[in-house]
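Input: a single structure, listed below in C-alpha cells.
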Number of protein chains: 2
Amino acid sequence: MEASRVKLMLVDDHPLVRDGLRLRLATVPGFEIIAEADDGVAALAALERQEPDVVLMDIAMPGANGIELVKKLHELYPQVQVIMLTMHDQPQYVVEAFRQGARGYVLKDSPAQEIVAAIHAVMAGKRYYSAGVADALAAGATPAPLLTQREQEVLALIAEGRSSKEIASSLNLSVRTVETHRLNIKRKCELEGSSALVKFAVERKWTGL
Amino acid sequence: MEASRVKLMLVDDHPLVRDGLRLRLATVPGFEIIAEADDGVAALAALERQEPDVVLMDIAMPGANGIELVKKLHELYPQVQVIMLTMHDQPQYVVEAFRQGARGYVLKDSPAQEIVAAIHAVMAGKRYYSAGVADALAAGATPAPLLTQREQEVLALIAEGRSSKEIASSLNLSVRTVETHRLNIKRKCELEGSSALVKFAVERKWTGL
DNA sequence: GGCCGGCTCCGTGCCGCCACATAGGGGAAA
DNA sequence: TTTCCCCTATGTGGCGGCACGGAGCCGGCC
C-alpha cells in the first residue's frame with residue numbers, strides 16, 4: 001500500500017454512472033480520480049498523459065469492448081490494476097476478463113462500498129470478485145471459445161437476425177458453407193439448437209463482442 | 001413552480017446509478033429526495049407512505065418493468081410526475097412510456113444536468129425529451145407492440161434460447177399452441193424469421209422487457 | 001515434402017419452424 | 001346479451017436448420 005493517494009481512472013460510457021462513481025469515491029480518503037473516459041480510445045489517450053494505479057472499467061461499451069481494452073491495457077501498462085464493472089454476471093466474460101489481466105470484477109447492482117473494497121484489494125495485490133461472480137467462475141470453466149475469422153463474421157450476421165441464406169449472399173458463400181460454419185460455432189461453444197446460437201450471438205454483440 | 005422544495009423519488013435497481021442521481025441532485029437547491037426504491041414493489045410501498053412531486057424511474061428493472069410501473073403509478077397517483085431514465089433510446093419504449101403517463105424521458109448517457117432540466121420542465125407542467133429521443137419519437141410511429149400475458153411468457157422463454165418444444169413442456173401447452181403464440185408475436189412486432197424473433201426477445205430481455 | 005488446420009462445397013434424411021386457416025371455451029366490456 | 005379478445009388446439013404444405021457423412025484447396029509449420 002503506497003503512502004500517497006491511490007490514483008483512479010474511470011472508464012464508462014454513461015455519465016450518470018461516472019457521476020455515481022466519482023462522487024462516491026471522492027468522499028473516500030486516500031482516493032483521487034485523475035482521469036475519466038467514455039470509451040476505449042479516450043481511455044488509451046488519457047493513459048498516455050497520466051498513469052493511474054487502478055482503472056475502473058465498464059465491460060460493455062460502444063466501439064472497442066471492455067475485454068479487448070483490458071487486454072491492450074495490460075500489455076501496455078502491466079502495473080496498472082484493472083477492475084471490471086458490469087451489469088450482468090455472465091460467466092464467459094468474467095473468465096475472459098481475468099484471462100486478459102483484470103484483477104477485480106464488480107457487479108453494478110452490488111452495494112457501492114464493494115467498489116471501495118475492490119480497490120483496496122487490488123492495491124494490496126489481491127484479486128476481488130463481487131458476490132455471485134465466484135459462482136460464475138466456478139460454473140464457467142470454459143476458457144475461451146476461440147472462433148476463427150470467418151466464424152466470427154458469420155456469428156456477427158447471425159446476431160443481426162439474418163438467416164443462413166441471407167448470410168451466404170452477404171459473404172458470397174454457399175448456403176451449405178454457412179451452415180457448416182454455424183455447426184462448427186455451435187460445437188466450439190457447446191450450444192444446442194439454432195435459437196441458442198442466436199441468443200449467444202446477440203449477447204456477444206451487446207457486450208461488445 | 002411551488003414555493004416549497006421539490007420532493008423527488010428515485011427508482012432504479014442499480015445502487016450505483018441511484019448514488020449518481022442522489023449525490024448529483026442533492027447539490028441542486030430546491031430539490032429534496034424523500035424516497036428511493038430498487039424495484040416496482042418497493043416504489044409502490046414507498047408511495048403509500050409519502051407522496052413525491054416527481055418520480056425518476058429506470059425503464060429496465062427486474063420484476064415489474066418500468067412501463068407497467070408508470071401505468072400503475074399514473075392510475076393511482078395521477079398528480080405525480082414521472083420521468084423515465086434509460087440506457088437505450090428504443091422508440092417503442094419511448095412511445096409506450098408517454099402513452100402510459102410519463103412526462104419526461106432522459107437517456108442515461110446524456111449530461112447529468114439534463115435530469116435537472118427535465119425535473120424543472122415537468123414541474124412547470126411541460127414534457128421533456130432528452131436529445132435523440134425526439135428522433136426516436138419521430139421515427140417510431142409504431143404505437144405499441146402490446147403483447148398479451150401469455151405471449152410475454154413465451155417470449156421470455158424464447159429469450160432463454162429454448163425451442164418451441166421445450167417452451168411447450170415448461171408452460172404445459174401443446175407445441176402447436178406455442179407456435180401460434182410465436183406467430184402472433186412475430187405478426188405484432190413485424191418480425192421475419194425465427195432468428196429475428198430470438199434476437200428481438202434477447203434484446204428485450206437485456207433492456208429489461 | 002509431408003502434415004495439419006481452416007475454408008470451401010456437397011448429399012441425405014430428419015426434425016423443427018412457418019404461414020395460412022379453423023375453431024371452441026372463457027372472460028370482460030359494451 | 002352480444003360482441004370481442006385471448007388462450008387453447010389442430011391440419012397442411014413448405015422451407016430452413018441439423019447432424020451425419022465426404023471432399024478438394026490453400027497456407028503455414030515441422
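Lettering follows sequence order; numbering is per chain, from 1.
Here B:Thr177 lies in heavy-atom contact (under 4.0 Å) with a base. Residue B:Thr180 is classed as a base contact, given a heavy-atom separation below 4.0 Å to a base.
For B:Arg103 (side chain) and B:Tyr128 (main-chain N/O), no donor-acceptor pair under 3.5 Å exists by modelled atom type. Of the possible donor and acceptor atoms, one in the side chain of B:Ser195 sits under 3.5 Å from a partner among the backbone N and O of A:Gly161.
Between B:Glu153 atom CD and D:dT8 atom P the separation is 8 Å, expressed in whole Å. With rounding to whole Å, B:Lys165 atom NZ is found 15 Å from D:dC18 atom P. Atom CD1 in B:Ile185 sits roughly 10 Å away from atom P in D:dC7 (whole-Å rounding). In this structure, CZ of B:Arg182 is placed 13 Å from C1' of D:dG16, rounded to the nearest angstrom. Atom CG in A:Leu183 sits about 14 Å away from atom P in C:dG6, given to the nearest Å. Distance, B:Glu166 CD to C:dC17 P: 9 Å, rounded to whole Å. One atom, CD1 of B:Ile158, and another, C1' of C:dC17, lie 11 Å apart when rounded to the nearest Å. For the pair A:Gln152 CD and C:dG6 P, the computed distance is 13 Å after rounding to whole Å.
For the pair B:His181 and D:dT8, the criterion of a side-chain N or O lying under 4.0 Å from OP1 or OP2 is met. Residue A:Ser164 has a polar side-chain atom (N or O) positioned under 4.0 Å from OP1 or OP2 of D:dG17. Taking 4.0 angstrom as the limit, B:Lys186 places a side-chain polar atom (N or O) nearer than this to OP1 or OP2 of C:dA19. Between D:dC7 and B:Thr148, a contact under 4.0 Å exists linking OP1 or OP2 to a side-chain N or O.
Contact of the B:Val202 side chain with the A:Val198 side chain is not registered, since no non-hydrogen atoms from C-beta on lie closer than 4.5 Å. Residues B:Glu166 and B:Glu160 fail the side-chain proximity criterion, which asks for heavy atoms closer than 4.5 Å.
Among D:dA9, D:dG17, D:dC7, the nucleotide with an atom closest to any side-chain atom of B:Arg150 is D:dC7. Considering only the side chain of A:Glu179, D:dG17 comes nearest among C:dC9, C:dC18, D:dG17.
In this structure, B:Gln149 and A:Leu191 both approach DNA chain D, and ranking their closest nucleotides by distance from the 5' end singles out B:Gln149. Remark on DNA chain D: of its neighbouring residues A:Ser163 and B:Val175, the 5'-side contact belongs to B:Val175, judged by nearest-heavy-atom nucleotide.
No salt bridge links B:Glu179 with B:Arg182; every basic N to acidic carboxylate O contact stays at or beyond 4.0 Å.
Counting atom types as modelled, A:Arg176 pairs a side-chain N or O with a base atom of C:dT12 as donor and acceptor under 3.5 Å.
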